[in-house]
Asks: 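The following block contains the structure, expressed as structure tokens.
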Amino acid sequence: MANNIRVRYAPSPTGHLHIGNARTALFNYLFARHYKGKFIIRIEDTDTKRNIADGERSQLDNLKWMGLDWDEGPDIGGDYGPYRQSERKDIYQKYIDELLEKGLAYKSYETEEELQAKREEQRATHQMPHYVYEYAGMSEDEIKKSQAEAEAKGLKPVVRFRVPVGKTYEWDDMVKGHLSFESKTVGGDFVIQKRDGMPTYNFAVVIDDHLMKISHVFRGDDHVSNTPKQLMIYEALGWQPPKFGHMALIINNETGKKLSKRDESVLQFIEQYRDLGYLPEAMNNFIILLGWSPKGEDEIYSLKQFVKMYDEKRLSKSPAAFDRKKLAWINNQYMKNVDADRVFDIAMPQLLEAGLIDKHADAEKMEWMRRCVELFKREISYAHQIIDYVKPFVKGPKDIDEAGQKELADPSAITVLSEFRKRIAALDYMDATNVLRTIKSIQKDTGIRGRKLWMPIRVAVTHETVGPELPESVELFGQETTLKHLDAAIDMLKNK
RNA sequence: UGCCCGCUGGUCAAAUUGGUUAAGACGUAGCCCUCUCAAGGCUAAGUUACGGGUUCGAUCCCCGUGCGGGUGACCA
């Protein structure tokens, strides 16, 4: 069944993909896929000064990494293109001209300096900063004259939208319920076309959403106050606005304020988590739970399942704090169940950088490292952490610390180690199964068991009192190194 | 200061639109498992911001107070 649901994610290429934007993208995506509508990407690059070279590519890259796909966009085109606002200037111009002609907008020659001065004055007298109509009290002819003079001086105008007086703009927000603003609260006639000819956000977004037949707009709470302005433009052009839904923002746990890019106490960008080795499915899961809740008691779901059960009515009205501990837990849930090969791939750049493996390592070496990763992946909450676990196995362990010495203090330790050394040396081939069997045989023959049996071996071989399964750890060191470490430990105990 | 919004444990949150012992998850603490650390299992502590209404009965409806947030650009 075909339907007309079309939603969009409209980033501006002024930076990398921010957590908050990722969430906006995700919820729009979920909505589109759930209702079998279309998901569209549009690039809002009207602020030519702030655009950064890699911005668009980076945004799209990270969205792909998250596993999102779209039906129309700057990279794949579509029936309603172009999908970059910078390429739609002719389209905007047409509507600017239309509003100008109808007297619903006008050219304004006040300079930024003049405006700035006025704002400061308003602030000084405890008024809310707002634009004051610069042609107040002038007749049609006087206005024309004033504009001609400005033009003669070489001034370039901006175009301002004439805000209707005494009207109320309201809508039923899909998240927040009924919202209403009086026209006088928007701050006066606002700019719809900048001096450089580019449209402003509030204007372009209306034109594009209408022309691209966008049916529903989910965006951050910070856009609530833009909505009345946009409603005015829909009205002026005689268009039907889409449905709006304003989602509560994500706030910083510590400051209680919305996540801002300047705030460095939280990692804010998807890319940073990607680099640390977080899994995209875990990121999605975590982000979706920030401001939305599933029906039952479970919280771990795949994107596909979220699409299926998504219900925009369950979007939260109040802001959610970003909790890194929960993210770590969620990622670990996924990490445990993911293929070791995949974790290996994700951790590879870090392993290379830390010098723990060589780019040209042979197959055997690679396989060894893969087993290392497999052994440790359940312990970590993100792939980067694997480095600390693997390091002792590659670079050799550090000295035995006090806690380790304590485990070796009992006289039975030397018996265990001697027996273990003898039996390991006798093996043709040492793997985890063999090692386990060997430990069990010592228990049977000597009667030593539990901590007194296991700990001396762990400490002697790995020099650590903590770590994963002992047989596997021993296997990873290899027979030769294991014997070397055992000899050293036995020597040390004898010389005491 | 104007306008708009929100407020359930430390955090995320549920509660068939007034009736529950106020779910569940993260975190915290304890116990179990165990050679250790994790993981896993079990248990515990901890909440409807405050004050008034309306009602037989308010987390839910109304009013006020408080606290928090958003916005107030030729940024988006």
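Naming: A, B, ... by sequence-line order, numbering from 1 per chain.
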Asks: Do the side chain of A:Lys295 and the base of B:rA14 come within less than 3.5 angstrom through a donor-acceptor pair of N or O atoms?
Replies: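 For A:Lys295, whose side chain was compared with the base of B:rA14, there is no donor-acceptor pair (under 3.5 Å).
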Asks: Using atom C1' of each nucleotide, how far apart are B:rG40 and B:rA15 to the nearest Å?
Replies: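 Rounded to whole Å, the distance is 30 Å.
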Asks: Look at the side chain of A:Glu299 and the base of B:rG24, then say whether one donor and one acceptor between them are separated by less than 3.5 Å.
Replies: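 Yes.
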Asks: For a quick check, with a 4.0 angstrom heavy-atom cut-off, what is the B/S/- contact string for nucleotides 65-76 of chain B, read 5' to 3'?
Replies: ----SSSSSBBB
Asks: Distance check, P atoms only: B:rG27 and B:rC42, in whole angstrom units.
Replies: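 My reading of the P atoms in B:rG27 and B:rC42 gives 15 Å.
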Asks: Please, which pairs that meet salt bridge (charged side-chain N to carboxylate O under 4.0 Å, His left out) have at least one residue in residues 111-132 of chain A, sequence neighbours excluded?
Replies: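 Every pair satisfying salt bridge (charged side-chain N to carboxylate O under 4.0 Å, His left out) with a residue in residues 111-132 of chain A: A:Glu110-A:Lys118.
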Asks: B:rA15, OP1 or OP2 - any side-chain N/O from A:Arg314 closer than 4.0 Å?
Replies: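 Affirmative; the distance criterion is met.
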Asks: Remember a base hit wins even if backbone is also touched, and classify A:Leu179 as base, sugar-phosphate or nothing at under 4.0 Å, heavy atoms.
Replies: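 Contact class for A:Leu179: sugar-phosphate only.
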Asks: Atom CG of A:Leu315 and atom C1' of B:rA14: how far apart are they, to the nearest Å?
Replies: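 Computing the A:Leu315:CG to B:rA14:C1' distance gives 15 Å.
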Asks: Taking B:rA39 as the reference, what is the distance to B:rU28 when you measure between their P atoms (whole Å, please)?
Replies: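 9 Å, rounded to whole Å.
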Asks: Can you run down the side-chain hydrogen bond (donor to acceptor under 3.5 Å, both in side chains) pairs that involve residues 314-323 of chain A, sequence neighbours left out, and say none if there aren't any?
Replies: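 Sorted pair list comes back empty.
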Asks: Sorted by first residue and then second, give each salt bridge (charged side-chain N to carboxylate O under 4.0 Å, His left out) pair with at least one member in residues 39-54 of chain A; sequence neighbours left out.
Replies: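 As it turns out, the salt bridge (charged side-chain N to carboxylate O under 4.0 Å, His left out) pairs with a partner in residues 39-54 of chain A, which skip direct neighbours, are A:Arg42-A:Glu44, A:Arg42-A:Asp208, A:Arg42-A:Asp209, A:Asp47-A:Arg50, A:Asp54-A:Arg57.
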Asks: In whole angstrom, give the distance that lies between atom CD1 of A:Ile288 and atom P of B:rA13.
Replies: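 In whole Å, B:rA13 P lies 14 Å from A:Ile288 CD1.
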Asks: Within this structure, what is the CH2-to-P distance between A:Trp292 and B:rA25, rounded to whole angstrom?
Replies: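 It is 17 Å, rounded to the nearest whole Å.
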Asks: What is the distance, to the nearest angstrom, from the CG atom on A:Asp311 to the C1' atom on B:rA14?
Replies: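 So the CG-C1' distance, A:Asp311 to B:rA14, works out to 14 Å.
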Asks: As a check on the pairing definition, encode RNA chain B in dot-bracket form, counting Watson-Crick and G-U wobble pairs whose two distances are under 3.5 Å, and using | for partners outside this strand.
Replies: .((((((..(((......[....))).(((((.......)))))....(((((..]....))))))))))).....
Asks: Whole Å only: how far is the OH atom of A:Tyr169 from the P atom of B:rC4?
Replies: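 Whole-Å distance recorded here is 16 Å.
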Asks: Closest-nucleotide mapping onto RNA chain B: is A:Ser293 or A:Gly296 further toward the 5' terminus? I mean the 5' end.
Replies: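 Final value for this comparison: A:Ser293.
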Asks: Please state the C1' separation for the pair B:rC35 and B:rG24 - nearest whole angstrom.
Replies: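 Here B:rC35 and B:rG24 have their C1' atoms 35 Å from each other.
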Asks: The side chain of A:Lys325 lies closest to which of these nucleotides: B:rA13, B:rC26, B:rG6?
Replies: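 So the side chain of A:Lys325 is nearest to B:rC26.
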Asks: C1' atom, B:rA76 versus B:rU65: distance in rounded Å?
Replies: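 After rounding to an integer number of Å, I get 36 Å for this pair.
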Asks: In whole angstrom, give the distance that lies between atom NZ of A:Lys317 and atom C1' of B:rA13.
Replies: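 In whole Å, B:rA13 C1' and A:Lys317 NZ are 16 Å from each other.
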Asks: Closest approach of A:Met232 and A:Pro164, non-hydrogen atoms and distance?
Replies: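 Heavy atoms of A:Met232 and A:Pro164 come nearest at SD-CD, 4.0 Å.
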Asks: When the C1' atoms of B:rU11 and B:rG68 are compared, how many Å lie between them, rounded to an integer?
Replies: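 It comes out at 16 Å once rounded to the nearest Å.
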Asks: Taking the same atom, P, in B:rA45 and in B:rU54, what whole-Å distance lies between them?
Replies: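 These two P atoms come out 36 Å apart once rounded.
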Asks: Could you list all the salt bridge (charged side-chain N to carboxylate O under 4.0 Å, His left out) pairs where at least one residue sits in residues 173-184 of chain A, not counting sequence neighbours?
Replies: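 Only A:Lys176-A:Asp221, A:Glu182-A:Lys184 qualify under salt bridge (charged side-chain N to carboxylate O under 4.0 Å, His left out).
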Asks: Pick the P atom in B:rA44 and in B:rG64, then give their distance to the nearest Å.
Replies: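 Comparing P positions in B:rA44 and B:rG64 gives a spacing of 42 Å.
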Asks: Using a 4.0 Å cut-off on protein heavy atoms (strictly under), produce a 5'-to-3' string for nucleotides 33-49 of chain B with B for base contact, S for backbone-only sugar-phosphate contact, and - for none.
Replies: --BBBBSS---------
Asks: By the 4.0 Å heavy-atom rule, please label A:Gly220 as base, sugar-phosphate, or nothing.
Replies: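 Nothing, no nucleic acid heavy atom in range.
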Asks: Closest approach of A:Pro199 and A:Ala204, non-hydrogen atoms and distance?
Replies: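 Heavy atoms only, the tightest pair is CG-CB, 3.9 Å.
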Asks: Does any pair with a residue in residues 439-461 of chain A pass ring-ring contact (aromatic ring centres under 6.0 Å, His included), and if so which ones, sequence neighbours excluded?
Replies: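 Not a single pair qualifies under ring-ring contact (aromatic ring centres under 6.0 Å, His included).
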Asks: What is the distance, to the nearest angstrom, from the CZ atom on A:Arg324 to the C1' atom on B:rG10?
Replies: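 Interatomic distance, CZ of A:Arg324 to C1' of B:rG10: 18 Å.
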Asks: Would you mind reading off the distance between A:Phe322 atom CZ and B:rU11 atom P, rounded to a whole angstrom?
Replies: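 Checked: the CZ to P distance equals 16 Å.
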Asks: Under the salt bridge (charged side-chain N to carboxylate O under 4.0 Å, His left out) rule, what pairs show up with a residue in residues 432-450 of chain A, not counting sequence neighbours?
Replies: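 Only A:Arg423-A:Asp445 qualify under salt bridge (charged side-chain N to carboxylate O under 4.0 Å, His left out).
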Asks: Who pairs with A:His130 by side-chain hydrogen bond (donor to acceptor under 3.5 Å, both in side chains), at least two apart in sequence or on another chain?
Replies: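 Counting only residues at least two positions away or on another chain, A:His130 forms no side-chain hydrogen bond (donor to acceptor under 3.5 Å, both in side chains).
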Asks: Quick one: side-chain contact (heavy atoms from CB on, under 4.5 Å) partners of A:Ala282, sequence neighbours excluded?
Replies: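 Residues passing side-chain contact (heavy atoms from CB on, under 4.5 Å) with A:Ala282: A:Leu279, A:Ile330, A:Asn331, A:Tyr334.
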Asks: Using 4.0 Å as the upper bound for N to carboxylate O, is an ion pair formed by A:Arg342 and A:Glu281?
Replies: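 Judged by the 4.0 Å cut-off on N to carboxylate O distance, A:Glu281 and A:Arg342 do form a salt bridge.
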Asks: Would you check if the distance from the ring center of A:Phe181 to the ring center of A:Tyr169 is below 6.0 Å?
Replies: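 Not close enough - the centres of the two rings lie 6.0 Å or further apart.
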Asks: In a table with atom names and distances, give each donor-acceptor pair under 3.5 Å that connects a side chain of residues 11-21 of chain A to protein atoms at least two apart or in another chain.
Replies:
| from | atom 1 | to | atom 2 | distance (Å) |
| --- | --- | --- | --- | --- |
| A:His16 | ND1 | A:Ser58 | OG | 2.7 |
| A:His16 | ND1 | A:Glu271 | OE1 | 3.3 |
| A:His18 | ND1 | A:Gly20 | N | 3.1 |
| A:His18 | NE2 | A:Gln268 | OE1 | 2.6 |

